[in-house]
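These notes are about the structure you will find just below.
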Amino acid sequence: MSLTLDFISPAATPAADRVTLFADVILPLPLPRLYTYRVPYELNDNVVIGGRVIVQFGAKKTLSCIVAAVHEQAPKEYQAKYILEFIDDAPVVTQPQLKLFRWMADYYMCTIGEVINAALPSALKLSSESRIQLHPGFSREENEYPLSTQEELIVDALGTTEDGKALTFTEVGDLLGITSFHKVIKSLMHKDIIFLFEHTADKYAPKVVKKVRLAHHFISEASLEQLFEQLASKPKQLDVLMKYMQRVPVYQNEYANQHGIEKAALASSPHLSASAVNTLIKNGVLEQFDVIVSRFPLENEPTAQLHFSLTEAQTTARDEIMAHFGEKEIVLLHGVTGAGKTEIYIDLIRKALESGGQVLYLLPEIALTAQIVTRLIRVFGSRLGVYHSKFSDNERVEVWNGVLSGRFQVVVGVRSAVFLPFDNLSLIIVDEEHESSYKQYEPAPRYNAREVALMMANFQGAKTLLGSATPAVETYYQAKQGRYGLVSLSKRFGEAGMPDIELVDTRKARDQKTMHNHFTADLLGEVERTLGRQEQVILFQNRRGYAPVVACQDCGWIPKCTNCAVSLSYHKHSHELRCHYCGYHDSMVTKCPACGSRAVKTQGFGTEKIEDDLKIMLPQANIQRMDLDTTRAKNSYQQIIGDFEKQTTNVLVGTQMVTKGLDFANVSLVGIINADSIIHYPDFRAHERAYQMFVQVSGRAGRKGKKGKVIIQTADPTQVIFDKVIRNDYVEFYNYEIMQRQEHGYPPFMRVIKMTVKHMEQGLGEEAAIRLTQELVDRLGRAAVLGPEAPYIFRIRNFYLQEITIKLDRAHTVLKHAKQLIYDAMDVVKDQKEFKQARLVADVDPM
DNA sequence: AGCACGCCGACT
DNA sequence: GTCGGCGTGCTC
């Protein structure tokens with residue numbers, strides 16, 4: 001047909017010149033390759049690299065995917081399907097991002113689809129599983145937009161706002177009898193008639209704020225005057241109206257009325273009555289409408305350009321960093337806790353912004369608190385984007401689009417913020433760079449945001465500042481080797497000295513019978529004295545729940561998880577036994593099912609028991625607990641922090657959460673209840689982790705000029721690590737640790753890749769692991785492969801685990817080659833019929 | 001990741 | 001005789 005057209009129309013492009021384009025797309029699936037689709041000729045101009053398109057994949061699935069490349073090579077072995085639709089006319093994924101994603105897939109041994117999946121907020125994914133629902137603020141009667149027949153059809157199918165009925169994209173397509181339904185959905189979204197969500201978040205309810213604005217027929221000056229006259233006898237209503245006019249300059253800017261103001265702001269103002277507001281609404285003077293708002297209290301305008309000056313030490317450090325940046329791409333800022341690193345960061349961010357580049361400021365999850373965000377907003381105002389894991393999907397899209405559009409020049413965020421679509425970064429800050437939470441374990445991509453950040457900076461010509469009080473051994477090594485610039489900040493801000501650290505021997509205390517539950521007399525006494533001085537205490541116990549083990553005193557029976565090889569922890573609050581690995585839970589047993597004895601007792605202790613015991617021993621103190629269990633609800637974390645800040649609570653008992661990013665001026669005592677559980681870990685990083693944890697927790701003691709005290713309870717105070725902690729000498733710790741690493745061939749001298757074989761059947765899992773080990777040894781040599789070995793917890797979620805550790809030379813070429821060999825070995829095992837059920841996982845640079 | 005195709009056990 | 005179990009392989 002088109003051939004005929006070409007013949008009869010001389011003006012048309014000659015057939016020989018007619019370009020047929022093909023697009024290689026990234027599907028959001030764990031597939032190793034890109035897939036090639038054909039671009040409909042009429043839409044050649046619509047293809048955008050980094051834009052989303054909708055394609056048919058397989059027989060049933062309609063997926064949205066990202067265009068990675070456009071070319072003219074028709075696939076030879078198969079007939080390419082057509083792209084069904086183009087969603088974006090501008091990239092949602094930038095070119096530097098695509099490059100980074102490819103690098104991640106390569107380096108972390110996963111597929112690019114897995115990277116894309118982790119990177120894109122699900123609202124940007126638009127799969128056939130995406131659903132639409134009526135916007136809560138929509139009402140058919142008040143709708144002012146004209147609807148097309150198709151739009152009408154969809155709105156009808158969605159029923160009313162109250163039923164909250166949802167349609168999947170596939171259903172929308174069926175309903176309209178067309179495949180290109182996206183235009184309709186986009187239009188409805190634009191008109192705020194519907195909103196979009198993923199099926200995984202089917203309980204998602206957008207946050208809605210009730211707003212009011214002046215009914216549009218009152219906007220003219222004349223009608224307003226008339227209105228004022230009518231209300232002359234109703235002072236309450238007049239007050240409300242005056243207040244509204246004061247807040248919204250309707251005369252100067254008609255458009256301002258469109259946005260209205262929050263109803264709550266009007267109704268709850270002093271001297272204004274809520275009922276007057278309602279009357280005005282009822283009489284049609286004000287109209288009420290709903291707006292979906294960000295859940296994060298982002299202020300739109302900077303409150304004030306906060307001016308603070310750096311101390312002399314901070315200025316020196318800042319200048320040193322700048323000087324290093326002159327010749328080096330990466331600088332490590334090694335600053336003790338409380339040295340005021342944040343001020344330096346802010347200063348550098350400001351400078352980077354002035355030069356016109358973007359800035360990414362990464363923080364570990366537990367350090368990204370409202371405290372730090374508020375502080376940054378005060379300085380950067382609406383240019384600051386915040387990316388937190390507790391954010392809803394819509395909020396993530398908001399930040400994503402904000403970075404794309406240039407609205408957000410600075411983003412402060414957690415691990416996954418490295419996925420945001422930056423294209424002009426000039427500075428990346430990775431605070432607490434040693435934190436293991438920068439590394440993602442499950443699912444793939446198993447990436448370390450610190451390393452990704454470094455690569456991203458490399459691609460975009462940005463500088464990276466790594467900050468920590470206790471740098472990772474690998475990082476400090478790079479600095480010592482001269483690859484990173486090194487700047488040290490050893491003095492605490494505001495002349496506060498480092499806290500005194502005291503070790504208390506729990507074994508001795510137990511022998512002398514001076515233990516009160518899990519407290520030595522020394523710690524308990526110090527807690528009492530501190531509270532007596534009206535000062536606050538933080539107690540650290542790295543285990544949540546009440547007790548990690550429950551046991552029958554008569555026969556030794558212990559309740560175990562049915563899915564994992566762990567004993568169940570007792571949680572007193574819910575009176576349940578819970579598995580911390582898979583979430584399995586059961587009610588607490590009172591009678592031993594093995595022997596019938598009633599003597600079932602708890603063993604060991606977690607945060608909950610510490611809290612409980614302390615409440616009994618110090619009935620007059622206000623004690624609060626902060627761990628995963630008490631902070632699950634969205635605002636509970638803020639609540640707990642707020643109470644402690646206001647000093648409503650005197651003692652805060654918690655897990656790791658209490659170690660990061662919190663500055664409390666009145667805390668003068670920190671207690672580590674059981675240091676031994678932190679030190680004794682079967683892992684080459686155990687000492688490093690323990691050292692970091694002790695130093696970080698200790699850093700919470702004594703700020704703003706007050707010298708604090710730290711008490712560490714341990715059964716063996718002679719352990720070497722304590723010596724380093726007490727002397728507060730990181731370099732000494734590093735020198736000791738780096739020797740160990742070299743001696744035993746661990747990072748930074750060797751690179752580690754950990755293989756995990758998972759199988760539902762123990763025997764087959766072991767066999768598969770042995771076979772994989774063999775294949776690996778054949779390719780990489782005996783010396784490079786350790787294991788297989790069952791990990792301490794050898795079964796999780798019904799899968800038996802076997803681990804193989806591969807150690808490789810650091811050279812990049814070696815690494816690349818080795819990864820190919822590892823893939824080969826994995827393929828051999830997977831092709832074996834008897835191992836079809838085995839899951840093989842590679843974790844590059846495990847932590 | 002889905003989903004279809006395909007080959008072996010308990011049922012109307 | 002069929003319905004359906006989930007093992008295997010493919011998707012441009």
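In this text, all values refer to a predicted model and were calculated from it rather than measured experimentally. Just so it is clear: chains get the letters A, B, ... in the order the sequence lines come, proteins before strands, and each one is counted from 1. What you see below is based on every heavy atom in this structure, not just the backbone, and it leaves out hydrogens, waters and symmetry mates.
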Contacts of [X] that satisfy salt bridge (charged side-chain N to carboxylate O under 4.0 Å, His left out) - sequence neighbours left out:
X	result
A:R396	none
A:K758	A:E442
A:R415	none
A:E151	A:K191

Got a list of protein N/O to nucleotides 6-8 of chain B N/O distances below 3.5 Å?
none

**Prompt:** Where along nucleotides 7-12 of chain C does protein come under 4.0 Å, by heavy atom, of base (B) or sugar-phosphate alone (S), with - for untouched nucleotides?
**Reply:** SS--BB

Aromatic [Y] / basic [X] pairing, under 6.0 angstrom, 45° off normal:
X	Y	answer
A:K819	A:Y108	no
A:R797	A:Y581	no
A:R795	A:F799	no

